[in-house]
Number of protein chains: 2
Amino acid sequence: MASPRKLSTPQDYADLLSRYDTWLFDCDGVIWSGDEVIDGASKAVDFLRGHGKRVIFVTNNAARSRPMLKKKFDRLGIAATEDEILSSAYAAAVYLKNVLKFPADRKVFVMGMEGIEAELDTVGIQRCGGTHPEDNKFLPANDYSSLVEEDAIDPAVGAVLCGFDMHLNYAKLCKAYRYLTREGAQGPVLAGKTGGGCHFILTNDDKVVPAMGQLWPGSGSLATPLIDSTKREPIVVGKPHAPMLETVKSLYNIDESRSIFVGDNLHTDILFAQDGKMDSLLVLTGVTKEEDCETEAIWPSFIMDNISNIVAAETGPSRIGAVGVDGTIGIHASL
Amino acid sequence: MASPRKLSTPQDYADLLSRYDTWLFDCDGVIWSGDEVIDGASKAVDFLRGHGKRVIFVTNNAARSRPMLKKKFDRLGIAATEDEILSSAYAAAVYLKNVLKFPADRKVFVMGMEGIEAELDTVGIQRCGGTHPEDNKFLPANDYSSLVEEDAIDPAVGAVLCGFDMHLNYAKLCKAYRYLTREGAQGPVLAGKTGGGCHFILTNDDKVVPAMGQLWPGSGSLATPLIDSTKREPIVVGKPHAPMLETVKSLYNIDESRSIFVGDNLHTDILFAQDGKMDSLLVLTGVTKEEDCETEAIWPSFIMDNISNIVAAETGPSRIGAVGVDGTIGIHASL
């Protein structure tokens, strides 16, 4: 298998620039790396905006709300409005509201942190669990009898939403298990009713998450006790899964043929774009190396060392198709 | 596929009685059901003892120590000594000691409760984690920096042992993750050294556990965040896995050809016996129904409605082979 097209000349960059109106960006490994901005990323974003491009940031982060994420953009000097930031926490809330039409009189049981709660509040979905003090304390084994009581669970709950939760505990898992396995739990979630159907939603299935200079078990690992015990498969919202793209479409009026997804991870970002039939640009500032592309069935439309290179684009008259060093054009771009 | 041999006459029972010297019993669904003794089980155990049979109770219970389990036997009127009770908690401790030769100067990080700790103490293995107050409190997200410190983990740890833990929390998962992924973690665990190899042991992989009249996520579900995030496969000690039988052999001097495993669960008990090339008796007082045997590739040597039926055995001269109603003899028995 040949390597994908590596872009490396001002002409390549100019062709890329002219071809796409909407630039969707993954963050970690593209814009920043942990708490450090990636060199030149800020200028690249400004450059795209200067050429009239629309910029949207799509992250699997499920711990923070968009206002919290916005502060990180500000701190790292990346221009972004809250509306341009789509996290898996916000996407999960929007997906419940816009795609699943979650009834206004039902509640979501949250196995996650403040960020998820804030986004549910934003879209006007009721919630319980989450950071509630009752669910965030050390519960001695001999106090578990309280969990067995009928009133330990809220019959208005019609979804369990799992994300990253540093306060995960066994009692939360038991409550979520009860919601997901009650009678009729796999049926429809109806307005004006209680009990019955209960959606099972997972913000993202990243198995590990970088935190404080280490890796820790991530959202995708924390939900597995529920997947294993309930034998139910959750709807996973985050990249590389389809609900994130459905959410992008429900929020932003984009022309997919004139949009490109920029990411550093073959298995989340590039697969996400590939499954969504959107062109993609792999940058080599994160987890995927150029040689990884030779052995995988996931195929970026283009490769570039660093998103900062885009500022070297020749700004002559735009042409059709972004031409790679080997003279071929991007696979989706050529369709 | 024909049904396995159902035993139903006094002659059947007498043949079974004469064929086996050691009777290994699963508990839940055979001897008791939750907190209720199964009708006639006590008499059946006494009857076997009265005929000079050796009786061993093999349970996947990972929450209780043998003295704690012995109290349950006493309360339900089932005669048993502590030595006759093998739980997955005790089996894990014995497996570490006898099979893995765990060094006396290394420690086990416990993700489990008092029962596991007591059994490690019994065999003289050092431990940390478990019920330690530091690991069993509500840790606010902004206090997690303490977990990142070098002294948050104990370099003497050479194994992570996971069982049922009603006090499971995210901080414990993070600690276990660090032990299991440190440099050389998949290498040997050496005496007189620190760091390096770290065994990954799971008491049992039951996905749910009956508790207080409900089902809750079980040991096998609680370990999945670590399996998913570390990409390591644990050694699972409990039925149906081989380490439980290796532990039985390392503790009891049994003649396998004259031993039978009695259980109610095709997927744990009967598979355990089948994989261990031991004859098995399925009783119908628990989870498996007779018709389940027609569709599964797991094959009990014999089926009986209730272990209590054994007391109806004719006690004439013993004969060779236990003959089923259709005239066939048990598959392993016939080898």
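Sequence lines set the chain letters: A, B, ... in the order given, protein chains first and strands last, and positions in each chain run from 1. Just so you know, these numbers use all the heavy atoms, side chains as well, and skip hydrogens, waters and symmetry mates.
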Shortest non-hydrogen contact from A:Tyr144 toward B:Met166: OH-O, 2.7 Å
Using a cut-off of 6.0 Å, state whether more than 12 heavy atoms not belonging to A:Glu36 lie near its atom CD. no
Find out whether A:Leu173 and B:Leu168 are in side-chain contact, i.e. whether some heavy atom of one side chain is under 4.5 Å from a heavy atom of the other. yes
If you tally heavy-atom pairs under 4.5 Å against chain A, which of B:Met113, B:Gln214, B:Arg178 wins? B:Gln214
Separation between CG of B:Asp206 and CG of A:Asp228, rounded to the nearest 0.5 Å: 12.0 Å
Member of A:Leu222, A:Ile227, A:Thr224 meeting the side chain to side chain contact (heavy atoms under 4.5 Å, CB included) criterion with B:Thr224: A:Thr224
Sub-4.5 Å side-chain heavy-atom contact between A:Tyr170 and B:Pro217: yes
Which bit of A:Asp165 comes within less than 4.5 Å of chain B, counting heavy atoms only: side chain, backbone, both or neither? backbone
Counting only heavy atoms not in A:Glu82, do more than 12 sit closer than 6.0 Å to its CD atom? yes
Quick check for you: to the nearest 0.5 Å, what is the distance between A:Leu139 atom CG and B:Asn169 atom CG? 12.0 Å
When heavy-atom pairs shorter than 4.5 Å are enumerated against chain B, which of A:Lys207, A:Lys172, A:Lys137 gives the highest number? A:Lys207
Non-hydrogen atoms of chain B under 4.5 Å away: do they reach the side chain of A:Val208, the backbone, both or neither? side chain
Is it the backbone or the side chain of A:Thr230 that comes under 4.5 Å from a heavy atom of chain B, or both, or neither? neither
Tell me which of these, A:Ala176, A:Cys174, A:Gly213, has more heavy-atom pairs under 4.5 Å with chain B than the rest. A:Cys174
Would you say that A:Leu215 contacts B:Tyr177 through its side chain, given a criterion of any heavy-atom pair below 4.5 Å between the two side chains? yes
Would you say the ring centroid of B:Phe138 lies under 6.0 angstrom from that of A:His167? yes
